[in-house]
Amino acid sequence: MKSSFWAPLFTFDRSMLDLWVALRSAVAVGLSMLIGVWLHSDTVGMIVALGAINACLSDNNDAYAFRAKRMFRVAIVTVILVFLASIFAKNPVVSLLLLTVLAFAAGYSIVLDTVLADLGVLAIATFVVFGAHPMDPQQAFHLSLFALLGAGIQALLALALWPLRRYRPERRALGVFFSDLSTLCDLQFKPDEIPGGSSQSIRTQINLGAISQDSRPEGRRYRSLLTQGERLRLGILSLTRLKSRIERQNPGNPSLDIIADFLDKEKMLLQKVAIIISDETHIQEAREYLKAIEVDTAKVRDSDFSAQSAFMKRVLSDALRQMENMVGQSRAVIELAARTTEAGMIESEKNENARPWRFRFRGVWATLRANFTFQSPGFRHALRLSICIAVGEVVGHLLSIDRAYWIPMTVAIVLKSDYASTFNRGLLRVGGTIIGLILATALFHVFPGGQIWSIALMVIFMFFMRWVGRANYGIFAICLSSVVVLLVAMTGVPPKDVIWTRGVNTVVGGALAMLAYMLWPTWEKTQLSEVVARMLDTYRKSFHAVAQQTYGGGNPNTYERDQLRQQSRVARAEFVASMNRYLSERGSTDVDREFLAGITAASNRFAHAMVAIESASPFALDTEQQKIFANFEAKIEVTLQNLSEELRGRNVPNNEYPDLRAAYIELAKISPEQERHGLFFDETDRMTNSLNTLRELVVNRLHQNRLQAQKS
């Protein structure tokens with residue numbers, strides 16, 4: 001447990017490194033400071049640079065549309081906050097009230113999006129810094145315009161290539177997705193693990209979200225590529241599991257080598273597709289691999305299965321269907337990737353567009369209303385943050401501490417919604433700040449004096465803060481402290497004064513944040529049950545859609561099924577993140593670890609079974625068989641619903657749980673006479689086993705918890 005808690009202190013996430021983001025951030029701050037030199041005003045240079053720093057912290061390498069919206073919002077919020085903080089600085093009561101409301105809003109925004117919560121921290125920092133410098137409205141307005149100028153410089157650099165490389169981020173995301181997809185062909189089937197490619201699919205869905213309503217041919221083409229890629233992912237996962245079955249049951253089967261060769265060729269084909277998306281080359285090579293997998297498919301199709309057992313016939317028949325489906329999907333992917341600029345190539349389905357704005361707006365308000373309760377971790381975090389910020393502000397004023405704004409600013413940065421993040425970030429923040437103060441002060445005295453040298457040092461620290469600092473928060477804190485020392489020093493304040501006051505205020509703010517969390521913690525243990533319940537809810541909805549649309553005889557709604565599948569993946573990712581946070585908290589035990597491992601394995605087996613059923617070729621059941629399957633489906637959904645209610649506090653009687661095994665036995669009676677149904681019955685058996693296991697784990701654990709509560 002200790003290693004899990006301390007691990008973030010020494011974590012260095014190389015995937016967060018981005019040279020271009022760091023370069024444009026450093027250039028933007030350097031240009032901002034040069035404006036001050038040009039206008040012969042260090043103060044103006046500092047204000048413009050602060051505007052650029054605020055904007056650069058919201059810069060990223062995602063889609064240009066997302067980037068532009070986020071930076072525009074940050075710029076507008078910065079202008080408003082600079083103006084309000086400056087004009088109300090002389091009125092401590094109003095200023096404190098505004099700061100408290102802002103802190104609550106920043107903390108509460110975590111129920112919508114973690115990115116919004118991070119931007120909320122920037123908003124608090126901006127308000128407390130400019131709230132320390134009272135001005136009349138005219139001066140405040142001019143000051144806010146200079147901050148807007150700095151944000152504009154950063155945005156201009158971040159978006160400069162948008163007209164020339166409109167879809168470059170989406171192309172990059174799709175290229176990485178298909179490259180990662182190719183690695184699935186080598187993976188061994190492991191039913192207890194998360195289905196392969198889940199995290200990659202989530203990232204790509206998010207990156208392409210910015211063009212969900214783009215009606216241009218290229219935008220439709222990229223969305224269609226993602227859809228076809230997702231279909232291929234399901235096919236690869238199913239074919240690899242079928243290959244594992246053949247290896248176990250009949251390792252000498254001649255079709256085994258053909259399927260293995262098929263997967264090898266598919267891997268190379270997907271790698272070529274990734275290259276096509278990136279630079280539109282290797283198109284012919286991809287088509288050659290397409291011919292090769294067509295040949296392998298024909299070999300399996302022409303094979304004689306008559307000597308095989310009934311089980312192996314079903315397995316090989318399903319493997320052939322998957323290969324045939326993948327050939328068609330691969331052909332579509334190659335053609336889509338090859339025709340980058342051909343207008344009208346892709347005709348997207350009407351329901352593929354995102355929901356209308358009015359529904360999304362209602363959804364946001366519904367989420368905010370639902371979480372406006374003490375039972376919501378987001379609400380408790382917002383209340384804790386606002387109170388702590390207000391206390392820090394009051395303490396700074398009462399003690400007349402120089403540059404007291406560092407106290408509430410540190411509180412905003414350190415105080416997070418979970419235990420481990422708060423204490424790890426607190427230690428990194430305090431330690432990094434002290435090291436950064438010492439480093440910047442030493443460099444300020446070592447290097448020759450003058451504005452140019454100070455600007456050069458600040459550009460260097462900004463570069464490392466946005467490059468290496470993204471991989472480790474301690475490095476980020478060191479670089480940020482160095483930047484602040486240099487900014488303040490350029491206004492005439494000696495660095496030795498900055499190092500002492502900021503060091504003390506940072507320690508006070510960090511201690512206040514950690515004390516507040518110790519007095520009123522939000523333990524992940526109290527949230528984990530709800531997270532698991534939400535995951536099971538998404539599984540229930542997803543299985544209902546798959547069962548009804550694929551086997552119920554209705555017309556499949558591709559968009560709806562994609563959305564439900566995406567929701568299931570996101571809910572599963574949230575569960576894994578919540579589980580890891582809980583296991584890093586004090587009080588978690590090895591028994592907890594084993595219990596959560598069992599939950600993870602059982603839920604993953606159920607997810608694998610859904611993937612296999614969805615990726616299989618649709619078939620029609622007769623009227624009587626449909627009734628039997630509908631009965632099985634209903635009992636699966638009731639079981640998932642009951643488990644969700646149990647996790648949310650309801651003590652569900654045993655007689656309300658349906659007998660899944662009996663329902664499966666009834667369903668399996670149609671198997672011998674319907675070999676074309678293939679492994680459908682094996683996957684429904686897997687569902688039955690996984691849900692029975694999940695029920696046993698959850699019910700027993702909750703029963704033990706109730707007994708412990710009664711004893712205490």
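Just so it is clear, the model here is predicted, and its values are computed rather than measured. For this chain, numbers begin at 1 and follow the sequence in order.
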Which donor-acceptor pairs under 3.5 Å do side chains of residues 691-699 form with protein atoms, sequence neighbours excluded?
unit_1	atom_1	unit_2	atom_2	d
N692	ND2	T688	O	3.3
T693	OG1	N689	O	2.9

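Taking a cutoff of 4.0 Å between a charged side-chain nitrogen and a carboxylate oxygen, R648 and D537 qualify as a salt bridge.
Q322 pairs in a side chain to side chain contact (heavy atoms under 4.5 Å, CB included) with only one of the listed residues (L237, T297, L239, I236), which is L239.
You'll find the side chain of F575 reaches within 4.5 Å of the side chain of L528, heavy atoms only. Contact of the K272 side chain with the E288 side chain is not registered, since no non-hydrogen atoms from C-beta on lie closer than 4.5 Å. In this structure, the side chains of V638 and Y657 stay at 4.5 Å or more apart for every pair of heavy atoms. Looking at E266 and L232, their side chains come closer than 4.5 Å, going by heavy atoms from C-beta outward. At least one side-chain heavy atom of E324 sits less than 4.5 Å from a side-chain heavy atom of R301. The shortest distance between side-chain heavy atoms of M323 and I293 does not fall below 4.5 Å. Inter-residue side-chain proximity for N253 and L316 is flagged as met; some heavy-atom pair is nearer than 4.5 Å. For the pair L269 and I334, the minimum side-chain heavy-atom distance is below 4.5 Å.
Between the CD1 atom in I246 and the CZ atom in R241 there is a gap of 13.0 Å [rounded to 0.5 Å]. Note that the CG atom of D186 and the CG atom of L263 stand 8.5 Å from one another [nearest 0.5 Å]. With rounding to the nearest 0.5 Å, the separation of CG in L181 from CZ in F178 is 6.5 Å. Atoms OG1 and CE, from T600 and M579 in turn, are 4.0 Å apart once rounded to the nearest 0.5 Å. The line from CZ of R287 to OG of S330 is 13.5 Å long, rounded to the nearest 0.5 Å. Rounding to the nearest 0.5 angstrom, the gap separating the CZ atom in F543 from the OG1 atom in T538 is 14.0 Å.
Applying the side-chain contact (heavy atoms from CB on, under 4.5 Å) rule to S182 yields the partners K267, L270, Q271; only residues at least two apart in sequence or on another chain are considered. Not counting sequence neighbours, the partners of V295 by the side-chain contact (heavy atoms from CB on, under 4.5 Å) test are K299.
Under 3.5 Å, the side chains of E637 and Q641 contain no donor-acceptor pair of N or O atoms.
Scanning all heavy atoms of the two residues, the minimum distance from S690 to F606 falls at OG-CB, 3.6 Å. What you find for L640 and R540 is that their closest heavy atoms are CD1-CA, 3.6 Å. The two residues S644 and L536 make their nearest non-hydrogen contact at OG-CB, 3.6 Å. Nearest heavy atoms, A607 versus Y539: CB-OH, 3.8 Å. When all heavy atoms of K265 and D261 are compared, the closest pair comes out as NZ-OD1, 2.8 Å. In terms of heavy-atom proximity, V300 sits nearest to I258 at CG2-CG2, 3.6 Å.
Checking side-chain atoms of T183 against main-chain N and O of S179 turns up no donor-acceptor pair under 3.5 Å.
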